[in-house]
Amino acid sequence: MADFIFYQKHNMTNVKELLPTLSDHQAAYVNLDLANPYNGDYMLASFHLIPRGKKNILQVSAEVASESSTGTNFLVKTETPYARLMNALVYDIDMEDNIVKIAYPWRLFDRNGNVQNILTYIAGNVFGMKEIAALKVLDVWFPPVMLEQYDGPSYTLDDMRKYLDVYDRPILGTIVKPKMGLSSAEYAEVCYDFRVGGGDFVKNDEPQADQDFCPYDKMVAHVKEAMDKAVKETGKKKVHSFNVSAADYDTMLERCEMIVNAGFEPGSYAFLIDGTTAGWMAVQTLRRKYPNVFIHFHRAGHGAFTRPENPIGYTVLVLSKFARLAGASGIHTGTAGVGKMEGSPEEDVVAAEGIRYMMKKGHTFEQSWGKIPTHDEDFIAMAEMDAKNLEVLSDDSWRGMKKCCPIVSGGLNPTLLKPFIDVMGNVDFITTMGAGCSAHPKGMQVGAKALVEACEAYKQGIDIHDYAKDHPALEEAIEFFEKK
Ligand code: CAP
Ligand code: MG
Ligand code: MG
Ligand code: MG
(Lines give C-alpha, C1' and ligand atoms only; values in the text may rest on other atoms or scores of the structure.)
(Ligands and ions follow the chains in the order given, each with its own letter.)
Protein backbone atom coordinates (compact mmCIF):
# COMPACT_ATOMS: atom_id res chain seq x y z
CA MET A 1 0.00 0.00 0.00
CA ALA A 2 1.59 3.30 -1.01
CA ASP A 3 2.51 5.44 1.97
CA PHE A 4 0.12 8.27 2.62
CA ILE A 5 2.16 11.25 1.48
CA PHE A 6 2.01 13.59 4.46
CA TYR A 7 3.29 17.10 4.17
CA GLN A 8 2.56 20.38 5.88
CA LYS A 9 1.00 23.34 4.13
CA HIS A 10 3.01 26.41 5.05
CA ASN A 11 1.25 29.01 7.08
CA MET A 12 3.99 31.60 6.60
CA THR A 13 5.05 33.53 3.55
CA ASN A 14 8.67 34.27 4.47
CA VAL A 15 11.08 31.36 4.43
CA LYS A 16 13.42 33.33 6.72
CA GLU A 17 11.09 32.62 9.61
CA LEU A 18 12.26 29.00 9.34
CA LEU A 19 15.95 29.78 9.77
CA PRO A 20 15.91 29.22 13.56
CA THR A 21 14.65 25.67 12.96
CA LEU A 22 17.84 24.64 11.13
CA SER A 23 20.43 22.39 12.78
CA ASP A 24 24.11 23.36 12.39
CA HIS A 25 24.40 20.72 9.68
CA GLN A 26 21.44 22.05 7.73
CA ALA A 27 22.51 25.69 8.16
CA ALA A 28 25.77 24.89 6.34
CA TYR A 29 23.73 24.31 3.17
CA VAL A 30 21.57 27.44 3.25
CA ASN A 31 22.31 31.06 2.29
CA LEU A 32 19.10 33.00 1.69
CA ASP A 33 21.21 36.15 1.27
CA LEU A 34 23.36 34.81 -1.58
CA ALA A 35 24.18 38.08 -3.35
CA ASN A 36 24.22 37.12 -7.03
CA PRO A 37 23.62 33.46 -7.87
CA TYR A 38 24.32 34.33 -11.54
CA ASN A 39 27.83 35.56 -10.76
CA GLY A 40 29.39 32.64 -12.60
CA ASP A 41 30.43 30.69 -9.49
CA TYR A 42 27.42 28.40 -9.48
CA MET A 43 25.32 26.06 -11.56
CA LEU A 44 21.73 26.79 -10.51
CA ALA A 45 18.92 24.28 -10.23
CA SER A 46 15.29 24.78 -9.34
CA PHE A 47 13.27 21.98 -7.81
CA HIS A 48 9.64 21.41 -7.00
CA LEU A 49 9.96 20.00 -3.48
CA ILE A 50 7.31 18.74 -1.09
CA PRO A 51 8.62 17.62 2.31
CA ARG A 52 7.39 14.39 3.88
CA GLY A 53 7.27 13.82 7.64
CA LYS A 54 8.07 16.28 10.40
CA LYS A 55 10.80 18.47 8.85
CA ASN A 56 9.77 21.78 7.23
CA ILE A 57 10.54 22.77 3.64
CA LEU A 58 13.72 24.70 4.53
CA GLN A 59 15.10 21.82 6.58
CA VAL A 60 14.37 19.29 3.84
CA SER A 61 15.74 21.61 1.15
CA ALA A 62 18.97 21.89 3.15
CA GLU A 63 19.11 18.09 3.43
CA VAL A 64 18.65 17.84 -0.35
CA ALA A 65 21.39 20.45 -0.94
CA SER A 66 23.66 18.47 1.40
CA GLU A 67 23.04 15.06 -0.15
CA SER A 68 23.31 16.50 -3.68
CA SER A 69 26.65 18.13 -3.00
CA THR A 70 29.16 17.37 -0.21
CA GLY A 71 27.15 16.09 2.72
CA THR A 72 25.19 13.32 4.35
CA ASN A 73 22.64 13.43 7.14
CA PHE A 74 25.01 14.52 9.90
CA LEU A 75 27.74 17.15 10.23
CA VAL A 76 30.95 15.09 10.00
CA LYS A 77 34.18 15.64 11.94
CA THR A 78 36.19 15.16 8.77
CA GLU A 79 34.89 18.34 7.12
CA THR A 80 37.58 20.88 6.07
CA PRO A 81 37.21 24.62 5.35
CA TYR A 82 37.72 24.02 1.61
CA ALA A 83 35.24 21.15 1.51
CA ARG A 84 32.70 23.44 3.13
CA LEU A 85 33.14 25.89 0.24
CA MET A 86 31.86 23.14 -2.04
CA ASN A 87 28.54 22.95 -0.21
CA ALA A 88 25.51 23.53 -2.39
CA LEU A 89 23.39 26.36 -1.04
CA VAL A 90 19.63 26.76 -0.84
CA TYR A 91 19.29 30.41 -1.83
CA ASP A 92 15.57 30.87 -2.43
CA ILE A 93 12.27 29.14 -1.69
CA ASP A 94 8.93 30.15 -3.18
CA MET A 95 6.70 29.15 -0.30
CA GLU A 96 3.55 29.42 -2.40
CA ASP A 97 4.60 26.93 -5.06
CA ASN A 98 7.25 24.89 -3.22
CA ILE A 99 9.94 25.92 -5.70
CA VAL A 100 13.39 25.57 -4.17
CA LYS A 101 16.49 27.07 -5.80
CA ILE A 102 19.92 25.62 -5.06
CA ALA A 103 23.31 26.98 -6.14
CA TYR A 104 26.01 24.39 -6.85
CA PRO A 105 29.65 25.56 -6.85
CA TRP A 106 30.74 24.59 -10.37
CA ARG A 107 34.01 23.12 -9.11
CA LEU A 108 31.95 20.31 -7.60
CA PHE A 109 31.65 18.80 -11.04
CA ASP A 110 34.07 16.74 -13.12
CA ARG A 111 36.05 19.39 -15.00
CA ASN A 112 36.07 17.28 -18.16
CA GLY A 113 32.57 18.23 -19.26
CA ASN A 114 30.74 15.23 -17.79
CA VAL A 115 26.91 15.26 -17.80
CA GLN A 116 26.66 11.90 -16.01
CA ASN A 117 28.48 13.45 -13.08
CA ILE A 118 26.10 16.41 -12.70
CA LEU A 119 23.02 14.18 -12.81
CA THR A 120 24.54 11.87 -10.21
CA TYR A 121 24.46 14.86 -7.89
CA ILE A 122 21.13 16.57 -8.64
CA ALA A 123 19.19 13.52 -9.84
CA GLY A 124 20.96 10.86 -7.82
CA ASN A 125 20.61 9.84 -4.17
CA VAL A 126 18.24 12.72 -3.50
CA PHE A 127 15.47 10.89 -5.35
CA GLY A 128 15.64 8.19 -2.70
CA MET A 129 15.53 10.43 0.38
CA LYS A 130 12.84 9.61 2.95
CA GLU A 131 12.13 13.27 3.69
CA ILE A 132 10.73 14.08 0.26
CA ALA A 133 7.26 13.43 -1.08
CA ALA A 134 8.07 15.27 -4.29
CA LEU A 135 11.40 16.35 -5.80
CA LYS A 136 11.45 17.31 -9.44
CA VAL A 137 14.29 19.19 -11.13
CA LEU A 138 12.38 21.88 -13.05
CA ASP A 139 15.22 23.79 -14.69
CA VAL A 140 18.99 24.23 -14.63
CA TRP A 141 21.21 27.18 -15.50
CA PHE A 142 24.86 26.77 -16.46
CA PRO A 143 27.48 29.50 -15.84
CA PRO A 144 29.67 30.44 -18.83
CA VAL A 145 32.66 28.64 -17.33
CA MET A 146 30.74 25.33 -17.50
CA LEU A 147 29.54 25.98 -21.03
CA GLU A 148 33.25 26.22 -21.92
CA GLN A 149 33.86 22.74 -20.50
CA TYR A 150 31.01 20.97 -22.29
CA ASP A 151 31.09 19.89 -25.91
CA GLY A 152 27.65 20.99 -27.03
CA PRO A 153 26.42 19.93 -30.46
CA SER A 154 28.84 19.82 -33.37
CA TYR A 155 26.93 18.60 -36.44
CA THR A 156 23.55 20.32 -36.29
CA LEU A 157 20.21 20.43 -38.07
CA ASP A 158 21.65 23.29 -40.14
CA ASP A 159 24.30 20.89 -41.48
CA MET A 160 21.63 18.31 -42.25
CA ARG A 161 19.54 20.96 -44.02
CA LYS A 162 22.54 21.88 -46.17
CA TYR A 163 23.15 18.22 -47.01
CA LEU A 164 19.50 17.58 -47.89
CA ASP A 165 19.00 21.02 -49.46
CA VAL A 166 15.84 21.40 -47.34
CA TYR A 167 15.27 24.73 -45.67
CA ASP A 168 11.75 26.00 -45.33
CA ARG A 169 10.00 23.03 -43.84
CA PRO A 170 10.56 20.32 -41.19
CA ILE A 171 12.78 17.38 -42.14
CA LEU A 172 10.21 14.67 -42.99
CA GLY A 173 11.07 11.32 -41.45
CA THR A 174 9.70 7.97 -40.47
CA ILE A 175 10.43 4.98 -38.30
CA VAL A 176 9.95 1.58 -39.92
CA LYS A 177 7.09 -0.37 -38.34
CA PRO A 178 6.49 -3.03 -37.14
CA LYS A 179 9.12 -1.88 -34.64
CA MET A 180 10.79 -5.28 -34.75
CA GLY A 181 10.53 -8.56 -36.65
CA LEU A 182 11.28 -7.60 -40.24
CA SER A 183 14.29 -9.20 -41.93
CA SER A 184 17.03 -6.82 -43.05
CA ALA A 185 15.81 -7.02 -46.65
CA GLU A 186 12.20 -6.37 -45.65
CA TYR A 187 13.34 -3.51 -43.41
CA ALA A 188 15.34 -1.92 -46.22
CA GLU A 189 12.40 -2.29 -48.59
CA VAL A 190 10.24 -0.17 -46.28
CA CYS A 191 13.03 2.42 -46.06
CA TYR A 192 13.16 2.49 -49.87
CA ASP A 193 9.38 2.96 -50.09
CA PHE A 194 9.49 5.92 -47.73
CA ARG A 195 12.36 7.52 -49.59
CA VAL A 196 10.85 7.18 -53.07
CA GLY A 197 7.57 8.41 -51.59
CA GLY A 198 9.43 11.67 -50.94
CA GLY A 199 10.61 11.29 -47.33
CA ASP A 200 14.01 12.65 -46.25
CA PHE A 201 14.94 10.74 -43.11
CA VAL A 202 14.46 7.23 -41.73
CA LYS A 203 15.47 6.23 -38.22
CA ASN A 204 16.03 2.79 -36.74
CA ASP A 205 13.54 2.29 -33.97
CA GLU A 206 14.76 2.49 -30.40
CA PRO A 207 15.13 -1.31 -29.86
CA GLN A 208 16.94 -1.97 -33.17
CA ALA A 209 20.21 -3.75 -32.46
CA ASP A 210 21.75 -7.01 -33.70
CA GLN A 211 18.77 -9.38 -33.64
CA ASP A 212 19.06 -12.78 -35.31
CA PHE A 213 16.16 -12.04 -37.68
CA CYS A 214 17.84 -8.77 -38.71
CA PRO A 215 21.63 -9.02 -38.25
CA TYR A 216 23.22 -5.58 -37.87
CA ASP A 217 25.70 -5.97 -40.72
CA LYS A 218 22.98 -7.18 -43.10
CA MET A 219 20.66 -4.33 -42.05
CA VAL A 220 23.39 -1.79 -42.80
CA ALA A 221 24.17 -3.38 -46.17
CA HIS A 222 20.53 -3.58 -47.23
CA VAL A 223 19.80 -0.02 -46.09
CA LYS A 224 22.77 1.19 -48.15
CA GLU A 225 21.54 -0.62 -51.25
CA ALA A 226 18.02 0.69 -50.81
CA MET A 227 19.24 4.23 -50.15
CA ASP A 228 21.45 4.27 -53.25
CA LYS A 229 18.48 3.11 -55.32
CA ALA A 230 16.16 5.75 -53.88
CA VAL A 231 18.72 8.55 -54.26
CA LYS A 232 19.26 7.56 -57.88
CA GLU A 233 15.55 7.41 -58.65
CA THR A 234 14.59 10.60 -56.84
CA GLY A 235 17.74 12.64 -57.41
CA LYS A 236 17.42 13.73 -53.78
CA LYS A 237 19.79 13.18 -50.87
CA LYS A 238 18.51 11.03 -47.99
CA VAL A 239 19.55 10.36 -44.38
CA HIS A 240 19.39 7.21 -42.28
CA SER A 241 19.71 7.37 -38.49
CA PHE A 242 21.27 4.10 -37.33
CA ASN A 243 20.75 2.97 -33.77
CA VAL A 244 24.27 2.29 -32.50
CA SER A 245 23.27 1.59 -28.89
CA ALA A 246 25.01 -1.58 -27.68
CA ALA A 247 26.07 -3.59 -24.63
CA ASP A 248 29.51 -1.99 -24.51
CA TYR A 249 31.48 0.83 -26.11
CA ASP A 250 33.58 -1.41 -28.33
CA THR A 251 30.45 -2.87 -29.88
CA MET A 252 28.85 0.56 -30.18
CA LEU A 253 31.95 1.91 -31.96
CA GLU A 254 32.14 -1.22 -34.12
CA ARG A 255 28.60 -0.47 -35.32
CA CYS A 256 29.56 3.14 -36.04
CA GLU A 257 32.60 2.02 -38.04
CA MET A 258 30.50 -0.55 -39.90
CA ILE A 259 28.27 2.29 -41.08
CA VAL A 260 31.16 4.61 -41.90
CA ASN A 261 32.87 1.85 -43.89
CA ALA A 262 29.73 0.73 -45.69
CA GLY A 263 30.25 3.55 -48.17
CA PHE A 264 27.65 6.00 -46.90
CA GLU A 265 28.38 9.56 -47.97
CA PRO A 266 29.16 11.84 -45.02
CA GLY A 267 25.89 13.52 -44.08
CA SER A 268 23.77 10.59 -45.24
CA TYR A 269 23.88 8.84 -41.88
CA ALA A 270 23.23 9.78 -38.27
CA PHE A 271 23.96 7.81 -35.11
CA LEU A 272 20.95 7.19 -32.89
CA ILE A 273 21.61 6.47 -29.22
CA ASP A 274 19.07 5.41 -26.60
CA GLY A 275 20.39 8.03 -24.23
CA THR A 276 18.28 7.07 -21.21
CA THR A 277 19.04 3.34 -21.29
CA ALA A 278 22.51 3.44 -22.88
CA GLY A 279 23.52 6.39 -20.74
CA TRP A 280 25.24 9.73 -20.90
CA MET A 281 28.68 8.24 -21.34
CA ALA A 282 27.50 6.67 -24.61
CA VAL A 283 26.05 10.00 -25.79
CA GLN A 284 29.25 11.90 -24.99
CA THR A 285 31.47 9.17 -26.45
CA LEU A 286 29.65 9.44 -29.77
CA ARG A 287 29.83 13.25 -29.73
CA ARG A 288 33.58 13.19 -29.05
CA LYS A 289 34.41 10.42 -31.51
CA TYR A 290 32.16 11.60 -34.36
CA PRO A 291 31.92 15.40 -34.40
CA ASN A 292 30.87 15.31 -38.08
CA VAL A 293 27.86 13.04 -37.56
CA PHE A 294 24.35 13.98 -36.42
CA ILE A 295 23.97 12.47 -32.93
CA HIS A 296 20.31 11.51 -32.49
CA PHE A 297 19.27 11.20 -28.82
CA HIS A 298 16.30 8.84 -28.44
CA ARG A 299 14.92 9.20 -24.94
CA ALA A 300 12.99 5.91 -24.48
CA GLY A 301 12.47 5.49 -20.73
CA HIS A 302 12.48 9.21 -19.98
CA GLY A 303 8.84 9.05 -18.90
CA ALA A 304 9.87 7.59 -15.55
CA PHE A 305 11.50 10.96 -14.81
CA THR A 306 9.62 13.48 -16.94
CA ARG A 307 5.93 12.63 -17.02
CA PRO A 308 4.14 15.73 -15.71
CA GLU A 309 2.32 13.66 -13.08
CA ASN A 310 5.52 12.11 -11.67
CA PRO A 311 6.41 13.83 -8.39
CA ILE A 312 10.05 12.67 -8.50
CA GLY A 313 12.31 13.18 -11.50
CA TYR A 314 13.17 15.99 -13.87
CA THR A 315 11.39 17.85 -16.64
CA VAL A 316 11.66 17.36 -20.40
CA LEU A 317 13.39 20.75 -20.43
CA VAL A 318 16.09 19.55 -18.03
CA LEU A 319 16.64 16.31 -19.99
CA SER A 320 16.84 18.32 -23.22
CA LYS A 321 19.24 20.91 -21.80
CA PHE A 322 21.62 18.17 -20.65
CA ALA A 323 21.35 16.50 -24.06
CA ARG A 324 22.46 19.79 -25.63
CA LEU A 325 25.29 20.16 -23.13
CA ALA A 326 26.38 16.58 -23.91
CA GLY A 327 26.44 17.41 -27.61
CA ALA A 328 23.35 15.68 -29.01
CA SER A 329 22.50 17.17 -32.42
CA GLY A 330 18.82 16.40 -31.80
CA ILE A 331 16.64 14.93 -29.09
CA HIS A 332 13.03 13.79 -29.02
CA THR A 333 11.14 16.51 -27.19
CA GLY A 334 7.58 15.21 -27.41
CA THR A 335 4.58 16.17 -29.48
CA ALA A 336 3.17 18.83 -27.15
CA GLY A 337 0.02 16.82 -26.53
CA VAL A 338 -0.71 16.41 -30.25
CA GLY A 339 0.56 12.81 -30.53
CA LYS A 340 0.24 9.61 -28.52
CA MET A 341 2.74 10.22 -25.73
CA GLU A 342 1.90 11.86 -22.43
CA GLY A 343 3.42 15.32 -22.15
CA SER A 344 2.20 18.85 -21.52
CA PRO A 345 2.17 21.20 -24.53
CA GLU A 346 3.90 23.91 -22.50
CA GLU A 347 6.55 21.47 -21.29
CA ASP A 348 7.39 20.12 -24.74
CA VAL A 349 7.45 23.52 -26.46
CA VAL A 350 9.59 25.11 -23.71
CA ALA A 351 12.02 22.17 -24.01
CA ALA A 352 12.16 22.43 -27.80
CA GLU A 353 12.84 26.16 -27.63
CA GLY A 354 15.30 25.86 -24.74
CA ILE A 355 17.62 23.72 -26.85
CA ARG A 356 17.35 25.66 -30.11
CA TYR A 357 17.87 29.26 -29.21
CA MET A 358 20.88 31.07 -27.81
CA MET A 359 18.87 32.89 -25.17
CA LYS A 360 15.67 31.30 -23.96
CA LYS A 361 13.45 31.45 -20.91
CA GLY A 362 13.11 28.07 -19.22
CA HIS A 363 10.72 27.28 -16.40
CA THR A 364 12.84 29.23 -13.95
CA PHE A 365 15.96 30.61 -15.61
CA GLU A 366 16.79 32.67 -18.69
CA GLN A 367 19.53 30.57 -20.28
CA SER A 368 22.33 32.12 -22.26
CA TRP A 369 24.22 29.38 -24.10
CA GLY A 370 27.10 31.69 -24.92
CA LYS A 371 30.59 30.60 -24.04
CA ILE A 372 31.42 34.12 -22.90
CA PRO A 373 30.13 36.04 -19.86
CA THR A 374 26.59 37.18 -20.41
CA HIS A 375 27.56 40.76 -19.53
CA ASP A 376 29.13 41.04 -23.01
CA GLU A 377 26.76 43.63 -24.48
CA ASP A 378 27.49 42.93 -28.15
CA PHE A 379 26.88 39.25 -27.51
CA ILE A 380 23.47 39.99 -26.02
CA ALA A 381 22.70 42.19 -29.01
CA MET A 382 23.68 39.36 -31.36
CA ALA A 383 21.61 36.94 -29.35
CA GLU A 384 18.58 39.21 -29.61
CA MET A 385 19.17 39.51 -33.32
CA ASP A 386 19.44 35.72 -33.50
CA ALA A 387 16.11 35.30 -31.76
CA LYS A 388 14.59 37.36 -34.57
CA ASN A 389 16.61 36.11 -37.53
CA LEU A 390 17.51 32.63 -36.36
CA GLU A 391 20.76 33.15 -38.25
CA VAL A 392 23.44 34.95 -36.34
CA LEU A 393 24.16 32.58 -33.51
CA SER A 394 23.25 29.22 -34.99
CA ASP A 395 26.88 28.25 -35.41
CA ASP A 396 29.98 28.16 -33.27
CA SER A 397 31.66 31.09 -34.97
CA TRP A 398 29.43 33.30 -32.86
CA ARG A 399 30.84 31.80 -29.68
CA GLY A 400 27.51 30.28 -28.70
CA MET A 401 26.81 26.66 -27.87
CA LYS A 402 25.30 25.26 -31.04
CA LYS A 403 21.62 24.48 -31.12
CA CYS A 404 20.15 21.04 -30.59
CA CYS A 405 17.08 20.25 -32.67
CA PRO A 406 13.75 18.88 -31.53
CA ILE A 407 12.86 15.49 -32.98
CA VAL A 408 9.15 14.87 -32.86
CA SER A 409 7.31 11.64 -33.44
CA GLY A 410 5.09 9.75 -31.01
CA GLY A 411 1.78 9.21 -32.71
CA LEU A 412 1.97 11.95 -35.31
CA ASN A 413 0.50 11.47 -38.77
CA PRO A 414 0.15 13.75 -41.81
CA THR A 415 -3.11 15.24 -40.51
CA LEU A 416 -1.29 16.37 -37.34
CA LEU A 417 1.68 18.04 -39.03
CA LYS A 418 0.13 21.50 -39.22
CA PRO A 419 -1.47 21.30 -35.75
CA PHE A 420 1.96 20.45 -34.37
CA ILE A 421 3.74 23.23 -36.28
CA ASP A 422 1.10 25.66 -34.98
CA VAL A 423 1.85 24.60 -31.39
CA MET A 424 5.62 24.63 -31.98
CA GLY A 425 5.55 27.93 -33.82
CA ASN A 426 8.26 27.02 -36.31
CA VAL A 427 9.40 24.31 -38.75
CA ASP A 428 12.93 23.89 -37.35
CA PHE A 429 12.64 20.27 -36.31
CA ILE A 430 12.76 16.70 -37.60
CA THR A 431 9.51 14.79 -37.52
CA THR A 432 9.58 11.01 -37.62
CA MET A 433 6.16 9.47 -38.16
CA GLY A 434 6.07 5.67 -37.87
CA ALA A 435 2.47 4.51 -37.92
CA GLY A 436 1.70 7.93 -39.37
CA CYS A 437 3.16 6.70 -42.66
CA SER A 438 3.19 2.89 -42.53
CA ALA A 439 -0.43 2.57 -41.37
CA HIS A 440 -1.63 4.40 -44.50
CA PRO A 441 -4.17 2.16 -46.29
CA LYS A 442 -1.94 2.13 -49.36
CA GLY A 443 1.27 1.36 -47.43
CA MET A 444 4.51 3.19 -46.71
CA GLN A 445 5.29 4.74 -50.07
CA VAL A 446 1.86 6.37 -50.34
CA GLY A 447 2.02 7.18 -46.63
CA ALA A 448 5.23 9.10 -47.29
CA LYS A 449 3.57 10.86 -50.21
CA ALA A 450 0.72 11.87 -47.92
CA LEU A 451 3.20 13.36 -45.46
CA VAL A 452 4.94 15.27 -48.24
CA GLU A 453 1.57 16.53 -49.49
CA ALA A 454 0.50 17.60 -45.99
CA CYS A 455 3.76 19.55 -45.74
CA GLU A 456 3.23 21.10 -49.17
CA ALA A 457 -0.26 22.15 -48.13
CA TYR A 458 1.19 23.77 -45.01
CA LYS A 459 3.82 25.64 -47.03
CA GLN A 460 1.17 26.96 -49.40
CA GLY A 461 -1.13 27.90 -46.54
CA ILE A 462 -3.87 25.61 -47.87
CA ASP A 463 -6.05 23.58 -45.53
CA ILE A 464 -5.21 19.89 -45.99
CA HIS A 465 -8.85 19.03 -46.70
CA ASP A 466 -8.84 21.40 -49.67
CA TYR A 467 -5.38 20.35 -50.80
CA ALA A 468 -6.44 16.67 -50.59
CA LYS A 469 -9.17 17.17 -53.19
CA ASP A 470 -6.59 16.55 -55.94
CA HIS A 471 -4.03 14.66 -53.85
CA PRO A 472 -5.37 11.12 -53.29
CA ALA A 473 -2.52 10.02 -50.98
CA LEU A 474 -3.36 12.78 -48.54
CA GLU A 475 -7.08 12.29 -49.03
CA GLU A 476 -6.82 8.65 -48.00
CA ALA A 477 -4.62 9.58 -45.04
CA ILE A 478 -7.23 12.05 -43.83
CA GLU A 479 -9.97 9.51 -44.31
CA PHE A 480 -7.99 6.91 -42.36
CA PHE A 481 -6.45 8.92 -39.53
CA GLU A 482 -9.27 11.34 -38.84
CA LYS A 483 -11.76 8.57 -38.30
CA LYS A 484 -9.56 7.08 -35.54
C1 CAP B 1 7.15 6.61 -32.65
C2 CAP B 1 8.23 5.85 -31.94
C3 CAP B 1 9.11 6.74 -31.11
C4 CAP B 1 8.34 7.53 -30.08
C5 CAP B 1 9.27 8.09 -29.03
C6 CAP B 1 7.65 4.75 -31.07
O7 CAP B 1 6.41 5.70 -33.40
O8 CAP B 1 9.08 5.21 -32.88
O9 CAP B 1 10.07 5.88 -30.48
O10 CAP B 1 7.81 8.61 -30.73
O11 CAP B 1 8.51 9.00 -28.27
O12 CAP B 1 8.36 3.74 -30.98
O13 CAP B 1 6.58 4.97 -30.49
P14 CAP B 1 5.05 6.25 -34.01
P15 CAP B 1 9.07 10.50 -28.10
O16 CAP B 1 5.39 7.38 -34.93
O17 CAP B 1 4.43 5.07 -34.73
O18 CAP B 1 4.23 6.72 -32.85
O19 CAP B 1 9.29 10.98 -29.50
O20 CAP B 1 7.96 11.20 -27.37
O21 CAP B 1 10.33 10.36 -27.33
MG1 MG C 1 26.39 8.51 -0.72
MG1 MG D 1 10.22 4.14 -31.53
MG1 MG E 1 7.60 12.11 -30.04
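Order of listing sets the numbers, starting from 1, for every ligand and every atom in it. Positions are given from 1 along the sequence. The basis for the numbers below is simple: all heavy atoms, side chains too, and nothing from hydrogens, waters or symmetry mates. Since we're looking at a predicted model, the values are computed, not measured.
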Set of residues satisfying ring pair (Phe, Tyr, Trp, His ring centres under 6.0 Å) with respect to F109, sequence neighbours excluded: Y121
Within-2.8 Å protein N/O/S contacts of the Mg ion (ligand 3): D205 OD1, E206 OE1
Please classify the T335 to ligand 1 contact at 4.0 Å (heavy-atom distances, strictly less than): side chain, backbone, both or neither. neither
Atom NZ of residue position K224 - does it have more than 12 heavy atoms of other residues, nucleotides or ligands inside 6.0 Å? yes
Interfacing atoms of ligand 1 (cut-off 4.0 Å, heavy-atom, M433): 16 (O)
E254 versus T251, side-chain donor and acceptor atoms under 3.5 Å: no
Report, in ascending order of atom number, the atoms of ligand 1 lying under 4.0 Å from any heavy atom of A435. 14 (P), 16 (O), 17 (O)
Compute the shortest N/O to N/O distance between M341 and ligand 1 and return yes if it is under 3.5 Å, no if not. no
Measure across L272 and K203 and return the closest heavy-atom pair with its distance rounded to 0.1 Å. CD1-CE, 3.6 Å
D200: which of R169, K238, R161 passes salt bridge (Lys or Arg N to Asp or Glu O under 4.0 Å): R169
S154 and Y290 side chains, donor-acceptor separation under 3.5 Å: no
Is the distance between the ring centroids of F264 and F242 under 6.0 Å? yes
